[in-house]
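Notes for the one structure printed next.
So that the names make sense, note that chain A is the first sequence line, chain B the second, and so on, each numbered from 1.
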Protein chains: 2
Amino acid sequence: MSSAHLSIGDLSRATGTKVETIRFYEKNGLLPEPSRTQGNYRAYEPAHLSRLSFIRRARDLGFSLDQVRALLTLSDDRSQSCAAVDVIARAHRDEVERKIKDLQSLKTVLDQVIESCHCNIVADCAIIESLAPAPQGS
Amino acid sequence: MSSAHLSIGDLSRATGTKVETIRFYEKNGLLPEPSRTQGNYRAYEPAHLSRLSFIRRARDLGFSLDQVRALLTLSDDRSQSCAAVDVIARAHRDEVERKIKDLQSLKTVLDQVIESCHCNIVADCAIIESLAPAPQGS
DNA sequence: TATACACCCTGTAGTCGCTATAGGGTCAAG
DNA sequence: CTTGACCCTATAGCGACTACAGGGTGTATA
Ligand SMILES: [Zn+2]
Ligand SMILES: [Zn+2]
Ligand SMILES: [Zn+2]
Ligand SMILES: [Zn+2]
């Protein structure tokens with residue numbers, strides 16, 4: 001029946017996840033504890049592999065571990081409304097959107113600062129000047 | 001002469017930096033240790049305030065503490081060429097640019113995933129489906 | 001003078017999502 | 001019988017703070 005057990009290294013290779021990370025997910029309640037072999041090795045079922053793939057895809061999409069935990073719980077109760085799923089996904093997208101905007105205005109400032117530097121000595125450097133609040137002298 | 005000493009709270013209010021963060025900067029060599037009062041309180045000079053402002057502005061622009069440290073060192077030796085300043089600033093801008101691109105393609109995927117959800121039950125949820133690698137049955 | 005209160009001190013531990021050791025045990029092949 | 005790949009636990013580190021715990025200081029007021 002259970003001849004198809006997978007080692008932690010198998011899961012690692014199958015999902016591109018470091019072995020330590022898989023153990024970390026287990027310790028943090030994202031991946032259920034598998035059974036063990038005689039030699040105390042973790043022996044995973046195919047369901048573990050599915051679950052780990054789910055976690056990794058969600059992580060690749062930038063969901064936090066808390067969000068992944070919530071998504072996993074939701075996906076386990078398949079008769080529920082998916083409204084809660086939608087809330088999590090939209091909240092995450094909004095945050096990504098906000099980060100993009102923040103970084104874009106940051107880049108605008110950086111571009112200006114860098115543009116203003118004419119590569120003289122530090123005393124005249126516009127980059128440094130833009131960081132320093134006021135010249136110390138006078 | 002030195003009647004204008006500033007307390008750590010003064011620096012905190014003047015720069016919008018938490019007191020603990022100021023002590024953290026000191027411990028990590030970004031802000032030099034100030035003299036102390038009789039009661040062992042930190043007593044800052046105006047130069048400390050300038051330096052802290054510099055740090056904060058650089059942090060606001062997203063420079064890492066290592067980069068800030070380097071910028072501070074460069075700004076202290078005002079006769080140097082500003083080429084090194086330029087290198088740091090451009091490297092940072094490139095990284096910001098890269099992050100924007102990464103987040104934009106991430107957002108594209110999230111938009112697609114969210115768009116595909118028609119708010120039925122979890123069993124049919126396109127968001128969950130896009131995370132799960134394959135249905136367990138069959 | 002007591003005491004309340006705001007402020008300061010040190011030191012340590014927590015956050016997030018891993019990653020990297022240290023110091024061992026297991027298992028199959030040669 | 002030893003090598004080597006794999007596995008185990010436990011702990012500490014990353015970056016950049018933040019949040020205590022458990023005190024001390026300094027001043028205004030009842
Ligand atoms: Zn330049
Ligand atoms: Zn310059
Ligand atoms: Zn929906
Ligand atoms: Zn849905």
Side-chain angles (χ1 to χ4, degrees), chain A residues 3 5-31 33-44 48 51-52 54-72 88 91-92 95-96 99 102 106, chain B residues 3 5-31 33-44 48 51-52 54-72 88 91-92 95-96 99 102 106:
Chain A
S3 64
H5 277 154
L6 298 156
S7 73
I8 198 167
D10 292 334
L11 259 71
S12 172
R13 277 180 295 274
T15 63
T17 311
K18 300 213 170 181
V19 166
E20 295 89 345
T21 305
I22 298 174
R23 288 195 282 248
F24 168 82
Y25 289 154
E26 179 183 319
K27 198 164 50 180
N28 287 273
L30 286 139
L31 204 54
E33 293 186 30
S35 56
R36 299 287 181 127
T37 66
Q38 290 169 328
N40 200 32
Y41 284 20
R42 286 172 179 80
Y44 293 99
H48 286 102
R51 202 170 177 91
L52 179 56
F54 187 107
I55 294 168
R56 292 260 103 193
R57 293 200 193 196
R59 293 287 305 127
D60 283 347
L61 290 176
F63 288 99
S64 71
L65 289 190
D66 271 356
Q67 289 173 323
V68 176
R69 232 184 307 266
L71 289 171
L72 282 167
I88 293 171
H92 178 47
E95 213 194 315
V96 170
K99 277 187 190 164
D102 286 355
L106 181 59
Chain B
S3 63
H5 277 155
L6 299 157
S7 73
I8 197 167
D10 293 335
L11 260 72
S12 171
R13 276 180 294 276
T15 62
T17 310
K18 300 214 169 179
V19 166
E20 295 91 343
T21 306
I22 299 174
R23 289 196 281 248
F24 168 82
Y25 289 155
E26 180 183 318
K27 198 165 50 180
N28 287 272
L30 286 140
L31 204 53
E33 292 186 29
S35 58
R36 298 288 180 126
T37 66
Q38 293 169 325
N40 199 33
Y41 286 18
R42 286 172 179 80
Y44 292 101
H48 286 102
R51 204 170 175 88
L52 179 55
F54 186 106
I55 293 168
R56 291 261 101 191
R57 293 199 192 197
R59 291 288 303 128
D60 284 348
L61 290 177
F63 288 100
S64 72
L65 289 190
D66 272 355
Q67 288 173 325
V68 176
R69 232 184 307 265
L71 289 171
L72 283 167
I88 293 170
H92 178 47
E95 214 192 314
V96 170
K99 277 185 192 166
D102 286 355
L106 181 58

- Reading 5' to 3' through nucleotides 20-30 of chain C, protein heavy-atom contacts under 4.0 Å coded B for base, S for sugar-phosphate only, - for none: BB---BBS---
- Task: Please list, in 5' to 3' order, the outermost nucleotides of DNA chain D lying under 4.0 Å from any heavy atom of chain A.
- Result: dC6(D) to dT11(D)
Only counting residues at least two apart or in another chain, list the ones meeting side-chain hydrogen bond (donor to acceptor under 3.5 Å, both in side chains) with [X].
| X | value |
| --- | --- |
| S7(A) | D10(A) |
| T21(A) | none |
| D60(A) | none |
| Y25(A) | R56(A) |

- Using the C1' atoms of the five pairs at each end, what is the angle between the end axes of the helix from dT1(C)-dA30(D) to dG30(C)-dC1(D), to 10°? 30°
- Pairs in or reaching into residues 19-29 of chain B: which pass salt bridge (charged side-chain N to carboxylate O under 4.0 Å, His left out), with residues at least two apart or in two chains? E26(B)-R42(B)
- Query: So, H92(B) side chain and Q67(B) main chain: donor-acceptor pair closer than 3.5 Å or not?
  - Reply: no
- Message: I'd like to know if the side chain of H48(B) reaches the main chain of L11(B), judged simply by a donor and an acceptor atom lying under 3.5 Å from each other, with no hydrogens or angles considered.
- Response: no
- dA6(C) C1' sits how many Å from D10(B) CG, rounded? 13 Å
- Message: Nearest whole Å is fine: how far is dC9(C) P from F24(B) CZ?
- Response: 17 Å
- Item | Closest nucleotide among dC8(C), dG17(C), dT12(C) to the S7(B) side chain | dC8(C)
- Note on the structure: Whichever of T21(A) and V19(B) has the more 5' nearest nucleotide on DNA chain C, that residue is V19(B)
- Which residues satisfy the salt bridge (Lys or Arg N to Asp or Glu O under 4.0 Å) test with K18(A), sequence neighbours excluded? none
- Query: Mind checking what makes salt bridge (Lys or Arg N to Asp or Glu O under 4.0 Å) contact with R69(A), not counting sequence neighbours?
  - Reply: D66(A)
- Message: Tell me every residue that passes ring-ring contact (aromatic ring centres under 6.0 Å, His included) with F54(B), counting only those two or more places apart in sequence or in another chain.
- Response: none
- Message: Using side-chain contact (heavy atoms from CB on, under 4.5 Å), reason through L31(A) and I55(A) one step at a time and then give a plain yes or no.
- Response: CA-CA 9 Å; L31(A) 204 54; I55(A) 294 168; 4.3 Å; yes
- Message: Quick check on contacts: within residues 58-70 of chain A, what sits under 4.0 Å from DNA chain C by heavy-atom distance?
- Response: R59(A), S64(A), L65(A)
- Between atom CG of N40(A) and atom CD of Q38(A), what is the distance when rounded to the nearest 0.5 Å? 11.5 Å
- Query: Are side-chain heavy atoms of L71(B) and I88(B) found at a separation under 4.5 Å?
  - Reply: yes
